[in-house]
Number of protein chains: 2
Amino acid sequence: MHSYLQKIRDFITNLDVDSSKIFNNMSPIQHFAKGDFLLKQDDVCRKSYWIIRGIARKYYLHDGKDITTELYFEDDLAVSFESYTLQKPSKEYIQALTDISVAVTDYTLFQKMKQQFPKLTELDLMLTEYYAIWLEERLFEFHTLSASERYLNLLEKQPQIVQFVPLTHIASYLGISLETLSRIRAKI
Amino acid sequence: MHSYLQKIRDFITNLDVDSSKIFNNMSPIQHFAKGDFLLKQDDVCRKSYWIIRGIARKYYLHDGKDITTELYFEDDLAVSFESYTLQKPSKEYIQALTDISVAVTDYTLFQKMKQQFPKLTELDLMLTEYYAIWLEERLFEFHTLSASERYLNLLEKQPQIVQFVPLTHIASYLGISLETLSRIRAKI
DNA sequence: CGACATATTGAGATCCATCAACCAATGTGG
DNA sequence: CCACATTGGTTGATGGATCTCAATATGTCG
C-alpha cells in the first residue's frame, strides 16, 4: 500500500477523542444494488462515499462514449471531486458495478464539523493531497506511456482491477479502444 | 479567471490580523536568472515558489526526452507537488524560462505556522483542491482530445502560453511531437 | 559573422481507432 | 428447460493520426 495512505490511517487512529467520535458517527452506512447510480451527471455531488464492500466506477459521456475516470474498491473514496468541492453540477456519473456498501458523508455536515474540529481539516487536506498525487501519476501515464505500457502498468499496480472489472471499462479507463486492449492481452 | 481562485484570494484578503501578518512575512522575495534551476531532480522540494514576475516550467526526463508538466506565469505557484508534500526526492526539475522574481515559502516553516494558525491549513487545502481540479482538467484533455484539439484548447484557455513559451516546450506539455505541433499550427 | 537554439517541411513507418462480423456466457420469459 | 436477447469479448481489414528521421530554414545572441 502507498505509504501516505498509511500515514492517513495513522492520523485517523490517533485523533483526539472528540474528533474521533465525530468522525466515526458522521457517516451512516448505505447499500446500493449493482447498476444503481450514486451520482448522476448535472446533479451536485453532496455526498462522499467510502466503499466498504463491492466495486464502483466514475465516468462521463464524451461524444456518446463513456469514459471511465476512476474505479473504486474497498477502502476507496468515491466522489466527483470538482462537483463536491465547488458544489456545482457534476460532469460525471458514479455507478455501482456490483452490489455495494458505502459509508456516506454529507458535504455540508463535514464542512461544519471541520470548523468545530480543525483536525478534520487536516485530514481533508491529507486526503486531497493523496488524490492530487494519484492524479499526477495518472497524468504521467497518459503523457508518456503507450497503450500496452499503460495496460501492463495497471496489471502490475492494480491487478484487482483487471481481475474484477469488465474489459470495456478498463479500456476506457486506459484511454484505449476495447479492440486494441483485446489485442494487447492476446499478445502477452 | 477561475472563480475558485477568486474565492482563494478573498480568503487571503479576509484573514484575521495575526494569520495575515504571518502569511505576508513568511515568504521572502528571490530572483533567478533565465535558465536557473529552482529545483533539480533527486533533490527534495523544500520550498514553494509564488511567481511574481517572469515565466518558469516544471519537467521531467523520460527516455532522454524532457516532458513539460507545467508552465508558470505571474501569480502561479511553482512546486513539485509530490516531492513537496511527501518531502521525498523529486522526479521533476523546475527551471526559469526568463529572469524571474518569486516569493519563497519554506515547507517546514509553513507546516509550523499551520499548527499555530489553523486558517493557514484551510488555505493550504483550498490551494490543493484547486491544483487537483486543474489536474482533472488536464487528464480530461489527454483522455479525450486529439492533438490538434488539445492545442486549440490551450490557445483558447491560455493564449499567453502560446505567445511566450517556445514551441518545443508547448509540444511536450501537450504530449505532441514538435513536428506535429508545427503542422497543426500551419493548418490553422 | 558564426554558432547554437528553434522551427518548418517532407517521406516513410507505426500505432491505434473504426467498422464489421463473429463468438461465448448469462439470464429471462414463455 | 428451451429459445432468444443481452452483455462482454475476439478477430480481421482498412485508414488516419501521429511519430521518427532527415534535411533545411529562421532566429538570436555573443
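In what follows, chains are A, B, ... by sequence order, proteins preceding strands, each numbered from 1.
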**Request:** In plain terms, say whether A:Asp75 and A:Arg9 are close enough for a salt bridge, that is, a side-chain N and a carboxylate O under 4.0 Å apart.
**Result:** yes

**Prompt:** Taking the side chain from B:Tyr49 and the backbone from B:Leu38, do they hold a donor-acceptor pair closer than 3.5 Å?
**Reply:** yes

**Main-chain N/O of A:His143 paired with B:His62 side-chain donor or acceptor, under 3.5 Å** = no

**Asked** With no angle test and no hydrogens, is the base of D:dC21 tied to the side chain of B:Glu179 by a donor-acceptor pair under 3.5 Å?
**Response** yes

**Message:** When you measure only distances, ignoring hydrogens and angles, does the side chain of A:Arg183 come within 3.5 Å of the base of D:dG12 through a donor and an acceptor?
**Reply:** yes

Mind calculating the distance between [atom1] ([X]) and [atom2] ([N]) to the nearest angstrom?
{"X": "B:Leu174", "N": "D:dC19", "atom1": "CG", "atom2": "P", "answer": "11 Å"}
{"X": "A:Tyr151", "N": "C:dC16", "atom1": "OH", "atom2": "P", "answer": "15 Å"}
{"X": "B:Ile184", "N": "C:dT9", "atom1": "CD1", "atom2": "P", "answer": "14 Å"}
{"X": "A:Lys187", "N": "D:dG12", "atom1": "NZ", "atom2": "P", "answer": "13 Å"}
{"X": "B:His143", "N": "C:dA17", "atom1": "NE2", "atom2": "C1'", "answer": "14 Å"}
{"X": "B:His169", "N": "C:dA7", "atom1": "NE2", "atom2": "P", "answer": "8 Å"}
{"X": "A:Lys65", "N": "C:dC16", "atom1": "NZ", "atom2": "P", "answer": "15 Å"}
{"X": "B:Gln163", "N": "C:dT6", "atom1": "CD", "atom2": "C1'", "answer": "18 Å"}

**Asked** Should A:Asp66 and A:Arg57 be marked as a salt bridge (charged side-chain N to carboxylate O under 4.0 Å, His left out) after you check the CA-CA gap, both sets of side-chain angles, and the distance that decides it?
**Response** CA-CA 11 Å; A:Asp66 65 70; A:Arg57 72 171 178 134; 3.1 Å; yes

**Minimum-distance nucleotide (side-chain atoms of B:Ala186 versus C:dT8, D:dT10, C:dT9)** = C:dT9

**Message:** Let's see if you can work this out: which of D:dT20, C:dC16, C:dA7 has an atom nearest to the side-chain heavy atoms of B:Leu178?
**Reply:** C:dA7

**Below 4.0 Å: OP1/OP2 of D:dT18 and any side-chain N or O of B:Thr180** = no

**Message:** Quick one about B:Tyr60 and B:Glu92 (side-chain donor to acceptor, distance below 3.5 Å, no hydrogens or angles considered), yes or no?
**Reply:** no

**Request:** Under 4.0 Å between any heavy atoms, over every strand shown, what does B:Ile176 touch: base, sugar-phosphate, or nothing? Just pick one.
**Result:** sugar-phosphate

**Request:** Assign A:Thr168 to base, sugar-phosphate, or nothing according to its heavy-atom contacts below 4.0 angstrom with the strands shown.
**Result:** sugar-phosphate

**Prompt:** Mapping B:Lys34 and B:Arg150 onto DNA chain D by nearest heavy atom, which one lands closer to the 5' end?
**Reply:** B:Arg150

